[in-house]
Structure formats: C-alpha cells, structure tokens
Amino acid sequence: MPASALERLKSLLGTTAETENGYLDLLGTADQAGPPTGLTQRLMRTTLLPQVYERYWRPALGRALKGPLGPSMAGEVRLATELLELKAGHTVLDVACGTGRFTRAFGAAVGPDGLAIGLDGARTMLAKAVAEGGPDSVAYVRADAVHLPFGESTVDAVCCFAALHMFAEPETALDSFARVLDPGGRIVLLTSARRSRQPARLIDRQAES
Ligand SMILES: C[S@@+](CC[C@H](N)C(=O)[O-])C[C@H]1O[C@@H](n2cnc3c(N)ncnc32)[C@H](O)[C@@H]1O
C-alpha cells in the first residue's frame with residue numbers, strides 16, 4: 001500500500017512527530033505561530049470563524065476587497081491552480097491554508113502521486129480543514145509560515161493567499177518561500193496592505209492598551 005500523504009509529509013520534514021487530530025503539529029503547546037499581529041489573526045484561532053470562513057467570511061471580505069468585477073472564490077482557486085502550472089506528481093505548499101479550500105483543489109491537480117501540503121498556525125482552522133476531507137494527496141501541518149520548516153528546494157510550487165499581511169515579518173516569509181521552492185518553481189501570492197489605520201488594527205490597539 002502506498003504511504004499516506006501524512007507519512008510522506010513527515011518524511012519530507014524529517015520528523016517522526018506523532019499526529020493527533022489528523023494533522024502534524026510542529027508548534028506543540030504554543031497557541032500562536034510567531035508573534036501575534038492583530039485581531040484578524042486572533043479571530044482565525046477562534047472556534048466560530050473556521051465554521052463560517054469558507055462559506056461567508058472569506059467570500060464577503062474578498063468581494064469587498066476585490067470589488068464587483070473581481071474573481072469569485074472558485075475563480076481565485078482556478079487562477080491560483082493555473083498560475084502554479086501544477087502537474088501530476090508535483091509537491092505544492094499552501095501557506096496559511098486556513099480551512100483548506102485551495103489545498104484541496106491543489107491535491108486534485110497533483111493527483112495521487114503528488115503532495116498538496118496545507119500549512120497553518122491555527123489549530124481551529126486545521127481541524128476544519130481535516131474535517132472537510134479531500135483527495136488522498138492532501139496533508140496538513142501546523143507551523144509558522146514565516147519560518148517554514150522545510151529544507152531548501154523541497155517543493156515545486158508555493159501559494160499564499162490572503163495571509164501575507166497578517167505575518168509578523170512578511171519579508172522574511174517571502175525569503176522562506178523562495179528557499180523552499182525548487183529552482184524554476186512557481187509562487188502565487190494574493191495579499192492586502194497592512195495599514196496602521198485599518199479599523200481592525202485600531203480596535204486591536206484599543207484592546208491592548
Ligand atoms: C485569511 S486566512 C487565509 C486562508 C486561505 N489561504 C484563503 O485564501 O482563504 C489567513 C490564515 O493565515 C493563518 N496565519 C496567520 N499568521 C500565520 C503564521 N504566522 N503562520 C501560519 N499561519 C498563519 C491564519 O491562521 C489563517 O488561517
């Protein structure tokens with residue numbers, strides 16, 4: 001019987017860590033991947049948000065940011081998959097995968113011989129991603145997106161949608177993406193700006209003061 005996607009992910013990471021809850025957890029008892037960056041990132045760790053994320057939260061927020069003519073969620077997934085030029089047998093890393101909407105599509109694109117890895121820092125998001133199921137080529141890991149736990153040139157493609165603006169050190173994260181990517185591999189990014197005067201950031205600052 002071929003090794004499961006989770007076993008292949010463990011061997012790629014060179015870890016024998018046990019998996020509970022259907023994903024590999026490299027952050028142990030830490031609730032947060034890296035330093036906290038604000039309210040939105042904290043919301044992702046709640047139990048409620050992952051339940052409404054794919055159906056309501058992400059489409060509504062995406063529509064507000066992309067405007068009426070921007071792509072739908074299905075369109076975004078299609079665009080990312082096409083731009084990555086995924087082929088059967090490829091290994092693709094979906095950084096800050098959330099509930100796995102993109103990871104599942106990538107899993108279908110790379111087929112049973114490929115590996116689609118969803119990485120996220122939030123236990124609740126990953127629990128929902130695992131519960132959603134998907135192709136056998138999909139596996140999830142809890143880790144920090146800024147300091148990726150993978151070796152040099154280990155993946156053929158990297159996707160990071162709707163998350164870079166949440167990371168404590170986005171530039172370091174980009175360096176990390178480039179490091180793990182095989183030469184000639186492809187990266188797709190979708191992000192918004194992190195402004196100090198965003199409403200969520202202002203509320204967050206009030207909450208901290
Ligand atoms: C808005 S969601 C994006 C999910 C998905 N990529 C999409 O486009 O719908 C952002 C995700 O980034 C994750 N995240 C934020 N900071 C992170 C970090 N430092 N390391 C790993 N994941 C992080 C959150 O837990 C959340 O699931």
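Below, all heavy atoms of this structure are taken into account, side chains as well, without hydrogens, waters or symmetry copies. Indexing begins at 1, ligand by ligand and atom by atom, following the structure's order.
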List in chain and number order the residues that pass side chain to side chain donor-acceptor pair (under 3.5 Å) with Thr172, two or more places apart in sequence or in another chain; answer none if no residue qualifies.
-> Glu169
Residue shell around ligand 1, heavy atom under 4.0 angstrom =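 Heavy-atom contacts below 4.0 Å: Ala33, Gln41, Met44, Tyr53, Arg58, Ala96, Cys97, Gly98, Phe102, Asp120, Gly121, Ala122, Met125, Ala143, Asp144, Ala145, Phe161, Ala162, Ala163, Met166, Phe167.
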Lys66 and Glu76: salt bridge (charged side-chain N to carboxylate O under 4.0 Å, His left out), yes or no, with the steps?
-> CA-CA 11 Å; Lys66 291 176 293 191; Glu76 269 190 51; 2.5 Å; yes
For residues 111-121, which side-chain donor-acceptor pairs fall under 3.5 Å, sequence neighbours excluded?
{"from": "Asp120", "atom 1": "OD1", "to": "Ala122", "atom 2": "N", "distance (Å)": "2.9"}
{"from": "Asp120", "atom 1": "OD2", "to": "Cys97", "atom 2": "N", "distance (Å)": "3.3"}
{"from": "Asp120", "atom 1": "OD2", "to": "Gly98", "atom 2": "N", "distance (Å)": "2.8"}

Any side-chain heavy atom of Ile187 sitting closer than 4.5 Å to one from Leu174?
->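 No, side chains not in contact.
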Compare all side-chain heavy atoms of Tyr53 with those of Lys128 and state whether any distance is below 4.5 angstrom.
->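 Counting from C-beta outward, Tyr53 and Lys128 never come under 4.5 Å.
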Residue pairs involving residues 77-128 (criterion ring pair (Phe, Tyr, Trp, His ring centres under 6.0 Å); sequence neighbours excluded) |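 Qualifying pairs, neighbours excluded: Phe102-Phe161.
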